[in-house]
Amino acid sequence: MIKTNRVTLRDIAERTGYTVNTVSRALHHRDDISKKTVDYICGIADEMGYINDNIASSMRTGRTGTVAVILADITNPLFAIMVRETEQLASEYDYSVFILNTNEDKETELQAIKNALGKKVDGFIICPCPDCRDNLEFLKKTGKPYVLIGRRVGDHPSVILDDEKSGYLAAKYLAEHYGRRRILFINGLLSISCAKDRLAGYRRALEEAGIPYDGRLVRSVTTKAGAISRQLESLDAANIGYDGIFAFSDLLAYETMNSLSGTGKDVPIVGIDHIRKNLFYMPPLDSVGAAGKSMSEEAVRMLMNAIKTGSLCGDQICLDVKLYPSGK
DNA sequence: TATGCACGTTGTCCTGTCAA
DNA sequence: TTGACAGGACAACGTGCATA
């Protein structure tokens, strides 16, 4: 074994005359050590430059103080915001986060889960990719607590927005506030729960407004570059008109905005996620977002509670949403 | 190839001291 | 004598390396 210059509990014990055990407890401010001893040992530890060996701690306790955050696409600003919030909230519990990206790919997601398990993370927050059921069953069998964020899959614990209401509010706003009758819905892939639910909400709003549903105005796209432009071009080519756009996410809404710029079309767009709450420099956009606590807040709270109690996350939480007008 | 040890830390249990 | 408090002893965690 290579001897390093790292200061250990043993070094502090030799210097102070206490045992390694007492030093450990003093450094953790345990109440079975007198304050005088704690102050003395902590002072010496600081002077010697002691840094806790997390690997040794986790070997003994079985916990590493880290949670894996596995996301579909970290280039999406929504996920960047989630990471920042999760990291900040987890740090309040003395936890750090280990971020992995799946690119919406099932195999990559499985590797990410295995990678995180190898790092001995204490829990998982996952935005699952499409067709992820096998991966989630695998994770469930490990006994590690986990919570899905943003998407619901079967009875797995999750924190999501009320996606049906999101779709409803967005389409309703376009119909009532802007008076639009031909609302194009640029949706995500229907294999994920939120896309299905938002579509249901969209249809409910149309029905309420007495607008007939036209399936040609519902387009599922990926986040790959050019996907939206191609859809808009195909609509134009087929002479299918639209006077308002509901985008599956703010990211798609901004891409749509970009695709329409220079075409001369002035079409109101409503997105979902309300990322301007955090990214205030983004262009004005009508958007639906969480009415109160964010998904990250609820997910971290749920996961930390499960880790603390040694149980699994069991709930499926659906957060209320509201429409945030752009204020243009 | 099998076994044992070392690494650093900490949970649990035990012992010693002292005051009431 | 009893109970509270302070601190010590032991064992075990996962992995890599040395030795038999």
Side-chain angles (χ1 to χ4, degrees), chain A residues 1-71 83 86-102 107-126 134-147 157 299-314:
Chain A
M1 195 69 70
I2 299 168
K3 178 69 181 171
T4 68
N5 292 325
R6 184 188 180 106
V7 177
T8 67
L9 293 181
R10 183 178 295 175
D11 298 324
I12 301 170
E14 286 174 5
R15 170 85 176 271
T16 60
Y18 289 96
T19 62
V20 165
N21 191 310
T22 301
V23 171
S24 171
R25 280 181 290 168
L27 292 174
H28 286 84
H29 295 262
R30 290 267 295 266
D31 55 11
D32 56 353
I33 304 293
S34 67
K35 185 176 184 308
K36 182 183 167 190
T37 307
V38 168
D39 290 344
Y40 173 63
I41 290 175
C42 287
I44 295 294
D46 280 345
E47 187 185 307
M48 295 175 76
Y50 171 75
I51 297 171
N52 182 54
D53 186 332
N54 292 323
I55 292 176
S57 296
S58 64
M59 191 166 68
R60 179 66 185 87
T61 62
R63 290 183 178 178
T64 56
T66 57
V67 292
V69 179
I70 302 178
L71 299 170
V83 166
T86 303
E87 196 278 333
Q88 188 179 337
L89 294 162
S91 72
E92 292 173 14
Y93 294 85
D94 288 329
Y95 266 77
S96 54
V97 300
F98 177 42
I99 300 156
L100 297 119
N101 189 48
T102 67
E107 289 304 315
T108 308
E109 183 179 78
L110 181 59
Q111 283 309 310
I113 291 170
K114 288 180 176 176
N115 189 357
L117 286 168
K119 304 275 187 207
K120 302 280 181 195
V121 298
D122 297 337
F124 290 79
I125 293 176
I126 303 182
D134 292 346
N135 293 347
L136 295 181
E137 286 306 314
F138 170 77
L139 181 56
K140 190 176 182 180
K141 283 178 187 166
T142 68
K144 288 279 183 188
Y146 64 95
V147 57
V300 170
R301 183 197 59 76
M302 192 194 290
L303 185 65
M304 289 302 156
N305 186 51
I307 291 172
K308 188 178 169 187
T309 58
S311 60
L312 294 176
C313 303

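So you know, we letter chains A, B, ... as the sequences are listed, proteins then strands, and number each from 1.
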- Task: Would you confirm whether A:Thr16, through its side chain, and A:Ile41, through its main-chain N or O, come within 3.5 Å as a donor-acceptor pair?
- Result: no
- Query: Given side chains that start at C-beta, do those of A:Glu14 and A:Arg10 come closer than 4.5 Å, heavy atoms only?
  - Reply: yes
- Item | Nucleotide nearest A:Ser34 (side chain, heavy atoms from C-beta), chosen from C:dA6, C:dG8, B:dT9 | C:dA6
- Query: Between A:His28 (NE2) and B:dG11 (P), how many Å, whole number?
  - Reply: 7 Å
- Item | Rounded distance [0.5 Å steps], NE2 in A:His28 versus CG in A:Asn52 | 5.5 Å
- Item | Inter-residue atom distance A:Ile12.CD1 - A:Ile44.CD1, 0.5 Å rounding | 9.0 Å
- Task: State, to the nearest 10°, the angle formed by the axis through the first five base pairs of the helix from B:dT1-C:dA20 to B:dA20-C:dT1 and the axis through its last five.
- Result: 50°
- Item | Closest listed nucleotide, where the reference is the side chain of A:Arg60 and the choices are C:dG8, C:dA6, B:dT10 | B:dT10
- Using only side-chain N and O atoms of A:Thr22, determine if any of them is under 4.0 Å from OP1 or OP2 of C:dG7. no
- Do A:Arg25 and C:dG8 share a donor-acceptor pair, side chain to base, under 3.5 Å? yes
- Task: Using atom CD1 of A:Ile41 as one end and atom C1' of C:dA6 as the other, report the distance to the nearest whole Å.
- Result: 11 Å
- Message: It should be established whether A:Ser24 places a side-chain nitrogen or oxygen under 4.0 Å from OP1 or OP2 of nucleotide B:dT10.
- Response: yes
- Can you find a side chain N or O atom of A:Tyr40 that sits less than 4.0 Å from OP1 or OP2 on C:dG7? no
- Message: Rounded to whole Å, please give me the gap between CZ in A:Arg63 and C1' in B:dG11.
- Response: 13 Å
- On DNA chain B, more 5' by nearest nucleotide between A:Val20 and A:Arg10 is A:Arg10
- Message: Walk along nucleotides 14-20 of chain B from 5' to 3' and tag each nucleotide B, S or - by protein heavy-atom contact under 4.0 Å, base first, then sugar-phosphate.
- Response: -------
- Using whole Å, report how far CD1 of A:Ile55 lies from C1' of C:dG16. 13 Å
- What distance separates A:Asp11 CG from A:Tyr50 OH, expressed to the nearest 0.5 Å? 10.0 Å
- Is the shortest heavy-atom distance from the side chain of A:Glu87 to the side chain of A:Val69 under 4.5 Å? no
- Query: Between A:Ile33 (CD1) and B:dT10 (C1'), how many Å, whole number?
  - Reply: 12 Å
- Please tell me which of the listed nucleotides, B:dT9, C:dG8, B:dG8, lies nearest to the side chain of A:Met59? B:dG8
- For the residue pair A:Val300 and A:Glu92, establish whether any side-chain heavy-atom pair is separated by less than 4.5 Å. no
- Query: Got a second to check how far A:Met302's CE is from A:Ile125's CD1, nearest 0.5 Å?
  - Reply: 9.5 Å
- Query: Is the shortest heavy-atom distance from the side chain of A:Val121 to the side chain of A:Thr66 under 4.5 Å?
  - Reply: yes
- Query: For A:Thr37, which contact category applies under a 4.0 Å heavy-atom criterion: base, sugar-phosphate, or nothing?
  - Reply: sugar-phosphate
- Query: For A:Gln88, does the CD atom sit with more than 12 other heavy atoms under 6.0 Å from it, leaving out its own atoms?
  - Reply: no
- Query: Which whole-number value in Å describes the distance from A:Asp53 CG to C:dT15 P?
  - Reply: 15 Å
- Item | Nearest-angstrom distance from the residue atom OH of A:Tyr50 to C1' of B:dG8 | 8 Å
- Query: Choosing from B:dC7, C:dA6, B:dG11, which nucleotide comes nearest the side chain of A:Thr61?
  - Reply: B:dG11
- Write down the distance between NZ (A:Lys35) and C1' (C:dG7), rounded to a whole number of angstrom. 18 Å
